[in-house]
Protein chains: 2
Amino acid sequence: MDDLEKYIEKRKGKSKKFAKSFEKGYESFKIGILLRQAREEVGVTQKELAEKLSTKKSAISRIENHAEDIRLSTLKSYLEALGKKLQINIQ
Amino acid sequence: MDDLEKYIEKRKGKSKKFAKSFEKGYESFKIGILLRQAREEVGVTQKELAEKLSTKKSAISRIENHAEDIRLSTLKSYLEALGKKLQINIQ
DNA sequence: ACTTTGGTTCACAAATAGGTTAACTTCGGC
DNA sequence: GCCGAAGTTAACCTATTTGTGAACCAAAGT
């Protein structure tokens, strides 16, 4: 069980809604979880991040919880606003 | 000069339109170029790939040439249709 | 010269992501 | 208990991506 999965279990315990919708589609949630992890690691709130991205905290929450898909540019800027870099490679 | 840049120079030589629009935004083109490279490496035509993805060759061409942004799911399925895997990590 | 194959580009329609506001919940500190 | 801070969700709207069909170009073969 890797870090991501541990993290997921923790969130399932905290939020019933999360647990329920999670079962519907593991894949779509992965990226949101990764992003939340990245944000919490840096120790920034959704509101602070939203301001850096000139958007609203609700949009951040949606990305981390609900979003079924995300644009590459959104992913990139989210991470860059956290001082991180997105690395993509093909195997 | 890495492989990607070599590849870009080659394409610039072949297509004036590509060269011109390329200058407008390097970033947006990178992903299309990577995808084309991946496809050519496997030796599959745009039409063949399009059929695997239940879409049309024009959509594939657009992604490789024009697309300013792309959904993560699109990126993923494009690569999976080529038998490749998308790997994302955060630095 | 004609045809076929691979690719490009455009225009329009359909689907979906992201911006925004507002109401709601949870949690910690007072 | 009350309050503020952090987060969640829903609804609406706009912007953008993707699907699709058609016209076009270039190269290669016949």
Side-chain angles (χ1 to χ4, degrees), chain A residues 7 10-22 24-25 27-29 31-33 35-82, chain B residues 7 10-22 24-25 27-29 31-33 35-82:
Chain A
Y7 192 92
K10 219 171 75 187
R11 288 216 73 221
K12 276 188 188 169
K14 282 193 192 162
S15 160
K16 269 192 192 124
K17 261 186 200 161
F18 176 83
K20 209 175 120 198
S21 31
F22 184 82
K24 286 199 241 158
E27 283 307 317
S28 42
F29 279 92
I31 188 69
I33 292 163
L35 290 178
R36 178 188 298 265
Q37 259 187 318
R39 180 177 57 81
E40 291 184 346
E41 203 181 294
V42 175
V44 96
T45 67
Q46 288 183 345
K47 184 158 177 281
E48 286 164 346
L49 179 56
E51 275 157 15
K52 282 196 192 178
L53 292 168
S54 313
T55 181
K56 302 293 181 294
K57 62 182 177 151
S58 57
I60 304 296
S61 178
R62 182 175 46 202
I63 287 174
E64 295 181 357
N65 290 288
H66 285 315
E68 298 189 4
D69 209 345
I70 188 173
R71 286 183 211 154
L72 205 51
S73 62
T74 308
L75 188 53
K76 218 163 146 187
S77 47
Y78 183 112
L79 288 171
E80 279 169 6
L82 292 174
Chain B
Y7 193 91
K10 218 171 76 185
R11 287 218 73 221
K12 276 187 188 171
K14 281 191 192 165
S15 160
K16 270 191 191 123
K17 261 186 199 160
F18 175 84
K20 209 174 121 197
S21 32
F22 184 84
K24 285 199 244 161
E27 284 308 317
S28 44
F29 279 91
I31 189 68
I33 292 163
L35 290 178
R36 178 189 297 264
Q37 257 187 319
R39 180 178 58 81
E40 290 184 346
E41 202 181 295
V42 176
V44 100
T45 68
Q46 290 183 343
K47 185 158 176 281
E48 286 164 346
L49 180 56
E51 275 157 14
K52 282 196 192 179
L53 292 168
S54 312
T55 181
K56 302 293 181 292
K57 63 180 179 154
S58 56
I60 304 296
S61 178
R62 182 174 45 202
I63 287 175
E64 295 181 357
N65 290 288
H66 286 315
E68 298 188 3
D69 207 346
I70 187 174
R71 288 185 208 151
L72 203 51
S73 63
T74 308
L75 186 53
K76 217 164 148 189
S77 49
Y78 183 113
L79 289 170
E80 280 169 7
L82 291 174

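Reminder, nothing fancy here: chain letters follow the sequence lines and each chain counts from 1. Side-chain atoms are counted along with the backbone in the values below, which use heavy atoms only and exclude waters and symmetry mates.
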### Query
Starting at CD of B/Gln46 and ending at C1' of C/dT9, how long is that distance when rounded to a whole Å?
12 Å
#### Entry: Lys/Arg N to Asp/Glu carboxylate O, A/Glu48 vs A/Lys52, below 4.0 Å
no
### Query
Using a cut-off of 4.0 Å between protein heavy atoms and nucleotide atoms, how would you tag nucleotides 16-27 of chain D 5' to 3' with B, S and -?
SBBBBBB-----
### Message
Tell me if a side-chain donor or acceptor on B/Arg62 pairs with a main-chain N or O of B/Ala67 at a distance below 3.5 Å.
### Response
no
### Task
Nearest whole angstrom, please: distance from the P of C/dA17 to the OH of A/Tyr78.
17 Å
### Query
Counting only N and O atoms by type, is there a donor-acceptor contact under 3.5 Å from the side chain of A/Asp69 to the main-chain atoms of B/Ser73?
yes
### Task
Quick one: pull up NE2 in A/His66 and CD in A/Glu68 and give me the separation to the nearest 0.5 Å.
10.0 Å
### Query
Through what angle, rounded to 10 degrees, does the axis of the helix from C/dA1-D/dT30 to C/dC30-D/dG1 turn between its ends, using five pairs per end?
30°
### Summary
From CG of A/Asn65 across to P of D/dA6 the rounded distance in Å is 17 Å
### Query
Taking only N and O in the side chain of A/Ser61, is any of them less than 4.0 Å away from OP1 or OP2 of D/dG7?
no
### Query
A/Glu64 CD to D/dT8 P: how many Å, rounded?
7 Å
### Query
How many angstroms lie between NZ in B/Lys57 and CD in B/Glu51, if you round to the nearest 0.5 Å?
10.5 Å
### Query
Once you round to the nearest 0.5 Å, how far does CG of A/Leu35 lie from CG of A/Leu79?
5.5 Å
### Query
Whole Å only: how far is the NZ atom of B/Lys47 from the C1' atom of C/dT4?
11 Å
### Message
What is the distance, to the nearest angstrom, from the CD1 atom on A/Ile60 to the C1' atom on D/dA5?
### Response
17 Å
### Message
Could you check whether any side-chain heavy atom of B/Leu53 comes within less than 4.5 Å of a side-chain heavy atom of B/Ile60, counting everything from C-beta outward?
### Response
yes
## Note on the structure
Between A/Ala59 and A/Thr55, the two heavy atoms sitting closest are CB-OG1, 3.5 Å
### Query
Hey, does the side chain of B/His66 come within less than 4.0 Å of C/dT9's phosphate (OP1/OP2), counting only N and O?
yes
### Task
Check whether any side-chain nitrogen or oxygen of A/Arg39 sits under 4.0 Å from OP1 or OP2 of D/dA6, and answer yes or no.
no
### Task
Quick one: pull up CD1 in A/Ile31 and CZ in A/Arg36 and give me the separation to the nearest 0.5 Å.
13.5 Å
